[in-house]
Every structure is written in C-alpha cells, then in structure tokens.
S.K.: 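Here it is: the structure, laid out below.
Values reported hereafter were calculated over all heavy atoms of this structure, with side chains retained and with hydrogens, waters and symmetry mates removed. Letters A, B, ... are given to chains in the order of the sequence lines, protein chains preceding strands, and every chain is numbered from 1.
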2 protein chains.
Amino acid sequence: MNETTRTFQEYLKANRLKLTSQRRLILDVFVSRGCRVTADELFKEVAELDDGISLSTVYRTVKHLLQSGLARCSHYGDGTTRYEPADGQTSHLVCEVCGRKVPIANPYLECMHAEAARQAGFRMLHCHVTIHGLCHECLTKHEN
Amino acid sequence: MNETTRTFQEYLKANRLKLTSQRRLILDVFVSRGCRVTADELFKEVAELDDGISLSTVYRTVKHLLQSGLARCSHYGDGTTRYEPADGQTSHLVCEVCGRKVPIANPYLECMHAEAARQAGFRMLHCHVTIHGLCHECLTKHEN
DNA sequence: CTTAATGCAAATGATTTGCAAATTA
DNA sequence: TAATTTGCAAATCATTTGCATTAAG
C-alpha cells in the first residue's frame, strides 16, 4: 500500500468510514492520472476498469478526497469543477496561452507573504499565489 | 454619471451593446453594495427597487460586468458563486474566522513575483495572491 | 427603423439525495 | 451483526436559452 492510500486510510479510520473497493479504485485512478479532472471524466476512466461504479460514488468519494486533503479543486469560467491531487504546493505559474501549470517553490517568497500579513496585523496560515503569464514556449512561438 | 458607469458605458459602446435602465440599476446596486453577492441576492436587492427586473437579466448583466472588468467572481465550497466589484486589487488577506478581506498593496512583493516567474522562463502578466490567516481581532479574541 | 435586450417559462447540466440491497469492520 | 456504502433513479439548484415583445441608438 502506498503513501497516498495510507493517508486516505487514516482519514477514513478517523471518521469511522470504510475503505471500499470503489473508493480504492477511484483514489488510484485519481492519483495515477495526476492532472486536473472533472468528476465526470474521472467517472469515465474508473468505469473502464470497473463498470459497476456509479457517478454518485465518484462524487461522494471526491468529497472525501477533498476533506482528507488529498485533492484540491478549482472552478473554471466555463462552469466546470476540476479536481487534482494536492501536492502541498499552493503557488503556481499558469500560462495564459497553453494552460501549462508550473509549481513555484520559493521559500523567500513564502517569507515575504508572511511578513506582508504581519504588517497588516494578520497571522498567515497558508497562501495561494497564482501568477498568470506566458510560458517560455508560448513566448517564443508568439515572437515569430 | 460616475466613473464606474462611464467605464461600463465604454465597454457597452465598444461591443455595440445598449445601456438599458435595467443594466444601469443592476450596476448601481452592485457597486454601491460593494461586497460579495450571489446572483440571486443581487436580484432580490434590485427587485426591491424595480420589481420588473428578472433574474435572467441579472445573470446576463453580471456577465457583462465580468467582461468589462468591473466585477470579479469566485466560487465557494458550498457551491455558490459570488461577485464583487473589482478594485483592480488582486492581492488579499483573508481571515479564516471572520472572512474579513483586506487588500495588500506591496509593490516589492509584486516585483518578487515577476522575478519568480522570470526564473521559470515565464513572463508575468498579472498575479493573484490570497493569504489565508487570522486577522488581529480574531487573534486576540481567540487568545482568551 | 434596425438591432439588441427583456421577461417569462421551459431546458439544461452538474451535483445531491432517498432508499433498498450489498458490503465492510 | 451493526453500521456504512453502493447503485439507481428521481430531485435539486444554479444558470442558460428560445421566443415573442419592448426599448435603445
């Protein structure tokens, strides 16, 4: 059993919930895929491996994944809700053209945020940074 | 006519759209209220001043407010979508307890973000920072 | 007078729920 | 065995749309 499954297992136990075959499969597909998916997309992928699983169960499981901190979700302009494995990373660069999403790891920046919060009388718990821009590839393409 | 109405007016003209009494009223209520509202809440407030306005029109107008840059929206865990006047401010401190939202103005931070982007080969266009934490008031209350 | 906007009611689409049957601890 | 979970179908809820009518430029 891997790290992720163990985390989920613990979450379930702590909440008197059960690890069913459906939950295990949904989790596996979700983490192995690793990118942003719609509940329905996830359902379709899971259904290929076990066509007995229902969309309701996917929705119900995804909620638990969010609560256990294993997943994170965001809402898009087109009305879709997408889920992705939470890697503990909360800062990203997002390319406006191709949609590429790159995590930022910059402890100094982190520090600056905590300081900015402190200056306003806040105690920072966690923060989200999304920098919208153009990635190197798209930049060079557009310069032609 | 105020600043906001003028901006909206320009947006409309640029898109061959019309400034109707409904649009004007919705905009007025929206900006004068100044805080996060649901489409339905906005509709109810507007309906008190003119009960001829429909929810559809509120939805349609809110879309234009978003497109004109006068409004900004965010989605919440409970499934609601809330709109608020865009003050050009994209960085905020949000108190986890009381929900208070304070804009951050820190050009140095801004600079750091651009630099972080550059290091990853990105050209930053704009960025959103949300620092979650506890505001001074809630901090002192909870220390009792 | 031409084009866009409105209100209404019906449609949509994502997400949730009730319930009887199946499964886990 | 007791409690939770599942699949299914029906329900819900926010948001959108078609259309005939009204209003703006």
S.K.: What residues in residues 48-59 of chain B put a non-hydrogen atom under 4.0 Å from any atom of DNA chain D?
M.R.: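 Contacts with DNA chain D under 4.0 Å: B:L55, B:S56, B:Y59.
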S.K.: Identify the 5'-most and 3'-most nucleotides of DNA chain C with at least one atom closer than 4.0 Å to a non-hydrogen atom of chain A.
M.R.: C:dA14 to C:dA25
S.K.: I need the CG-P distance between A:L27 and D:dT5, as an integer number of Å.
M.R.: 15 Å
S.K.: How long is the straight-line distance from CD1 of A:I131 back to CZ of B:R123, given to the nearest 0.5 Å?
M.R.: 14.5 Å
S.K.: Check B:D28, B:L27, B:T20, B:I26 against B:R24 for a side chain to side chain contact (heavy atoms under 4.5 Å, CB included) and give me the one that passes.
M.R.: B:D28
S.K.: Rounded off to whole Å, could you give me the OH-to-C1' distance for the A:Y11 and D:dT4 pair?
M.R.: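 Rounded to the whole Å, the gap is 13 Å.
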S.K.: Of B:R60 and B:Y83, whose closest DNA chain D nucleotide lies nearer the 5' terminus?
M.R.: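 Taking each residue's closest nucleotide, the earlier one in sequence belongs to B:Y83.
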S.K.: Parallel, tilted or perpendicular, judged at 30° and 60°: which one describes the rings of B:H113 and A:H113?
M.R.: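 Taking A:H113 first and then B:H113, their aromatic rings lie parallel (interplane angle under 30°).
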S.K.: Under 4.0 Å from OP1 or OP2 of D:dT5: is there any side-chain N or O of A:R23 that close?
M.R.: yes
S.K.: Are any of the side-chain heavy atoms of B:L55 and B:D40 separated by less than 4.5 Å?
M.R.: yes
S.K.: Tell me the interatomic distance from B:L19, atom CG, to D:dA23, atom P, rounded to whole angstroms.
M.R.: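 Interatomic distance, CG of B:L19 to P of D:dA23: 15 Å.
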S.K.: Quick one: are A:R72 and A:Y83 in side-chain contact, heavy atoms under 4.5 Å?
M.R.: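 No; the side chains remain at least 4.5 Å from each other.
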S.K.: Nearest-nucleotide wise, let me know which of A:Q22 and B:K18 is further upstream toward the 5' end of DNA chain C.
M.R.: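 Closest to the 5' end, via its nearest nucleotide, is B:K18.
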S.K.: Could you go step by step and tell me if B:H92 and B:H128 meet the ring-ring contact (aromatic ring centres under 6.0 Å, His included) rule?
M.R.: CA-CA 8 Å; B:H92 298 270; B:H128 287 267; 8.6 Å; no
S.K.: Please classify the nucleic acid contact of A:T38 as base, sugar-phosphate, or nothing, using heavy-atom distances under 4.0 Å.
M.R.: nothing
S.K.: Can you check the A:K13 NZ to D:dT5 C1' distance for me, whole Å?
M.R.: 18 Å
S.K.: Rounded to the nearest angstrom, tell me the gap between atom CG in B:L17 and atom C1' in D:dA23.
M.R.: 15 Å
S.K.: Of all the heavy-atom pairs spanning B:F43 and B:I53, show the shortest one and how long it is.
M.R.: CE1-O, 3.1 Å
S.K.: Could you walk me through whether B:E41 and B:R33 pass the salt bridge (Lys or Arg N to Asp or Glu O under 4.0 Å) check?
M.R.: CA-CA 11 Å; B:E41 286 166 7; B:R33 209 157 173 302; 5.2 Å; no
S.K.: Using distance alone, with no hydrogens and no angle criterion, decide if B:T7 and B:T4 have a side-chain donor and acceptor under 3.5 Å apart.
M.R.: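 No.
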